[in-house]
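Read through the structure below, which is laid out as structure tokens, and then see the notes.
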Amino acid sequence: MIAQVIVDVAAKQTDRIFEYHIPDELGEVEIGSRVFVPFGPRKLQGFVVGLSNKSQYQGKLKDLLLVVDEMPPLTSELIKLSKDLADHVYSYRITILKTMLPRVMRANYRKILVPESSKAKKMTIFQGKPLDLNTINDNKQIAEIRKLLRTNMAKIEYVVENRARVKTENEYSLTNNKKEYINIYESLRKNAVKQKQLIMYIIENYDKFPKMQKEIENNANLSTVSLTNAVKRGWLRKKPAEIYRDPLTNYEQEEKSDKKIKLNTEQKNALAKIEPAIIEKKARTFLLEGVTGSGKTEVYLNAISTTLKAGKNALMMVPEISLTPQMVSQVKNRFGQQVAVLHSGLSEGELYDEWRRIRRGEARVVVGARSAVFAPLKNIGLIVIDEEHESSYKQEDNPRYHARDVAVWRSNYNSCPLLLGSATPSLGSRARAQKDVYQLLRLPHRANQQSLPEVKLIDLKKAHFNGGQFDLSIQLVEAIKKRIAKKEQVILMLNRRGFANFMLCRECGYVMKCPNCDLSLTMHKDTNKMQCHYCGFSTAIPEKCPNCQSTKIRFLGTGTQKIMTELEKIIPGCRILRMDVDTTRRKGSFKRILDAFGNREADILLGTQMIAKGLDFPNVTLVGVVNADTGLWLPDYNASERTFELLTQVAGRAGRAQKKGEVIIQTFNPDHYAIKLAETQDYEQFYQYEMRVRHAGNYPPYFYTVLVSVAAKNEQNAAREAFRIKKWLQPKLHQSTIVLGPTPSAISRLKNQYYYQILVKYKKEDNLNKLLHQIQDSAQKVKKYGLSVYIDNEPERIM
Ligand SMILES: Nc1ncnc2c1ncn2[C@@H]1O[C@H](COP(=O)(O)OP(=O)(O)OP(=O)(O)O)[C@@H](O)[C@H]1O
Ligand SMILES: [Zn+2]
Ligand SMILES: [Zn+2]
């Protein structure tokens with residue numbers, strides 16, 4: 001047999017199938033296996049993507065060296081998907097295959113220098129063992145290595161490291177029958193207390209062995225020493241057994257879920273449309289447009305339950321930031337041990353274990369963020385994407401795939417329905433529903449029978465402020481005080497997209513910027529540093545203007561830290577929990593903050609966008625938005641959509657239970673349609689309006705878009721290459737196609753690279769895919785001049 005292998009080298013020349021002969025001693029090799037193959041002088045990892053009997057190749061094929069895993073990590077579905085997706089997102093197939101695996105399973109290579117003769121072995125440079133080339137940096141040593149290579153005294157080898165480790169724990173099994181243990185017990189001396197305790201435990205639990213070490217230690221109150229001793233004396237046998245790291249153990253079960261919620265008529269109607277598609281195995285896409293708090297989650301869970309009853313498995317996608325402990329335990333309570341969770345908050349080991357449970361068919365419901373769309377789940381009967389409008393479903397780096405597109409592909413492959421849900425669907429999805437490509441289902445009312453919270457806009461141009469700062473209007477502060485007095489809770493959002501806390505000189509107008517990127521530096525009081533949020537550069541907070549030495553410098557903008565200090569001053573004794581990237585960096589801190597807020601240990605949850613979505617706290621009756629405008633004027637065609645969506649979502653956190661909610665939005669642009677329509681939270685009206693704006697501007701969903709960007713250290717080189725690409729591409733395209741640019745990107749320099757971009761907007765271009773692949777191929781050639789070319793199909797951001 002012959003294996004068709006994609007090798008682990010991301011380059012144009014290797015982006016194709018290589019054939020290897022499967023030697024008999026390897027037995028049967030399956031599609032999806034990870035293998036090691038000889039490749040030139042090296043040994044590489046690769047994936048088997050096909051099997052055949054005959055080869056086109058004339059010469060003698062090399063042998064496959066080794067199969068890495070007992071069970072192929074990828075299913076044949078995923079192997080097929082990798083091919084189509086690579087084509088769609090202009091990526092190498094190996095990049096896609098590796099993206100599909102948990103991080104620990106992606107191979108690491110180490111270059112080592114191996115002595116070739118016994119004489120070489122004795123040289124001091126080797127000290128009797130191969131030399132790790134990653135640790136070399138001194139020139140003398142490098143010269144010596146070169147000489148060794150030239151004279152064939154040594155050669156370079158690659159070792160593949162497999163970081164994926166199975167976790168094991170000791171398992172103890174019995175060596176005697178019950179009667180013999182009783183005899184042992186009797187024969188023990190009176191003062192052998194611990195030994196007697198252990199044997200008694202064995203007798204009492206005789207039928208329950210084998211048992212894990214932890215369990216025995218905890219239940220019998222015994223130490224490891226007693227167990228080791230028992231093994232030595234032949235009373236017990238010990239062997240390592242594989243265990244799973246369970247990321248859910250610290251999510252305690254909530255009570256409320258035991259009471260099963262009775263669906264209301266709207267929810268039932270929606271479900272009545274979805275369920276037949278599950279049972280009849282139809283690859284239909286549904287768009288569930290339900291206002292905030294309308295009980296979409298309940299519809300998902302019921303649909304999943306139907307899927308399981310029909311003998312099929314379900315995949316549920318949730319954005320990373322709303323993959324809250326709340327959400328996880330809700331699903332977990334409903335479906336128990338059958339649930340596997342995949343998200344970046346897990347340790348590498350936990351992720352690997354959850355992933356293996358899915359691959360082995362032990363988990364039937366998968367809940368996860370973007371990359372979970374590649375879960376090796378088989379027999380899929382339903383895919384759900386919650387908050388389908390979220391831009392985080394699009395990966396911003398290579399491979400630039402959108403989880404929704406992948407889900408559509410898998411829905412077709414598995415002949416199963418795809419259920420998209422949102423209070424603010426993306427314009428593209430809503431437009432598809434308009435054309436009946438998707439089936440629209442609506443939940444226009446809240447599940448609690450209340451109306452949506454009332455929203456008040458506060459015009460910051462006219463507002464009066466509390467204290468010396470200009471962040472919190474008197475109305476907002478009064479409203480917060482009132483809620484705290486009533487023992488209710490407040491969510492306060494600071495929209496951080498944009499420029500927070502930057503330094504401006506009032507004398508010369510100088511703004512302190514990152515030397516590597518064209519971004520202003522952000523002040524961090526706690527570390528006393530000015531920081532670049534993009535590349536991590538940091539420097540001391542200046543006392544004078546670095547440009548003109550004036551002391552008249554001001555720090556403008558606002559950050560969560562600043563608002564927190566301000567609030568504590570204005571409302572003495574109020575309890576605030578802060579949630580932003582800084583306070584949630586450590587593992588588990590996200591959950592800790594939300595738990596504390598849920599237990600009413602604080603009055604105010606103050607945070608960035610990360611608190612806007614998915615949270616369901618019944619005691620929250622007021623939501624405040626400190627600054628609605630920061631995203632509004634970004635040079636992006638979807639800036640209005642993002643602003644409307646964010647405001648509507650955060651407003652939706654108020655009044656979700658019995659008590660009615662109130663929302664206060666502070667803005668400099670109370671007349672902008674995105675903000676005015678957020679006041680009424682009227683998605684349908686926003687949709688109609690925004691569609692007209694998009695139509696007038698020839699933007700999606702009326703046009704498809706592709707962004708081609710060129711990056712280089714030298715600005716002129718980037719610009720020149722971008723112009724060259726445009727000149728080559730444009731004449732080959734249809735007349736109605738619009739090619740914008742090249743323009744410098746809005747953030748034109750990042751990490752010392754300049755960016756120029758071309759935006760292609762088109763209605764129908766049969767050749768475009770082929771042309772873009774040619775651009776991608778030639779990108780490989782200009783790489784040596786320090787130029788990189790990126791192609792982003794349907795970009796979420798054009799800046
Ligand atoms: N049929 C029902 N009867 C009573 N309460 C319900 C019902 N369905 C859902 N709920 C409750 O309503 C609240 C809101 O539901 P859920 O969180 O599913 O809303 P959602 O539509 O996902 O909203 P969002 O888009 O804001 O996240 C929850 O507390 C949920 O338990
Ligand atoms: Zn920077
Ligand atoms: Zn100055």
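As the structure lists them, so they are numbered: ligands from 1, and atoms in each ligand from 1.
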>> If the contact criterion is a heavy-atom separation under 4.0 Å, does Gly290 count as touching ligand 1?
In response: no

> Among Ala447, Gly293, Ala423, whose heavy atom sits nearest atom 10 (N) of ligand 1?
Replying inline: Ala447

> Has the side chain of Glu794 got a donor or acceptor atom that lies under 3.5 Å from a matching backbone atom of Thr705?
Replying inline: yes

>> I'd like to know if Arg446 contacts ligand 1, where contact means a heavy-atom distance under 4.0 Å to any ligand atom.
In response: no

> If you measure every N/O of Ile261 against every N/O of ligand 1, is any gap under 3.5 Å?
Replying inline: no

> Any nitrogen or oxygen of Lys296, main chain or side chain, under 3.5 Å from a nitrogen or oxygen of ligand 1?
Replying inline: yes

>> Within the 4.0 Å heavy-atom shell around Lys262, which atoms of ligand 1 are there?
In response: 1 (N), 2 (C), 3 (N)

>> Just to verify, which of Glu388, Glu645, Glu390 counts as forming a side-chain hydrogen bond (donor to acceptor under 3.5 Å, both in side chains) with Ser426?
In response: Glu388

>> Ring centroids only, cut at 6.0 angstrom: are Phe286 and Tyr438 within range, meaning strictly under it?
In response: no

> Taking only residues two or more places apart in sequence or in another chain, which ones pass salt bridge (Lys or Arg N to Asp or Glu O under 4.0 Å) with Asp792?
Replying inline: Lys394

> Does some non-hydrogen atom of Asn264 fall short of 4.0 Å from ligand 1?
Replying inline: yes

>> Quick check on contacts: which atoms of ligand 1 are under 4.0 angstrom from a heavy atom of Gly295?
In response: 9 (C), 15 (O), 16 (P), 18 (O), 19 (O), 20 (P), 21 (O)

> Under 4.0 Å from any heavy atom of Asp616, which atoms of ligand 1 are there?
Replying inline: 13 (C), 28 (C), 29 (O)

> Between Arg357 and Glu354, is there a side-chain N and carboxylate O pair less than 4.0 Å apart?
Replying inline: yes

>> Under a 4.0 Å threshold between the charged nitrogen and the carboxylate oxygen, would Arg334 count as salt-bridged to Glu298?
In response: yes

>> Is there a polar contact, in the sense of an N or O pair closer than 3.5 Å, between Thr297 and ligand 1?
In response: yes

> Using 4.0 Å as the upper bound for N to carboxylate O, is an ion pair formed by Glu641 and Arg694?
Replying inline: yes

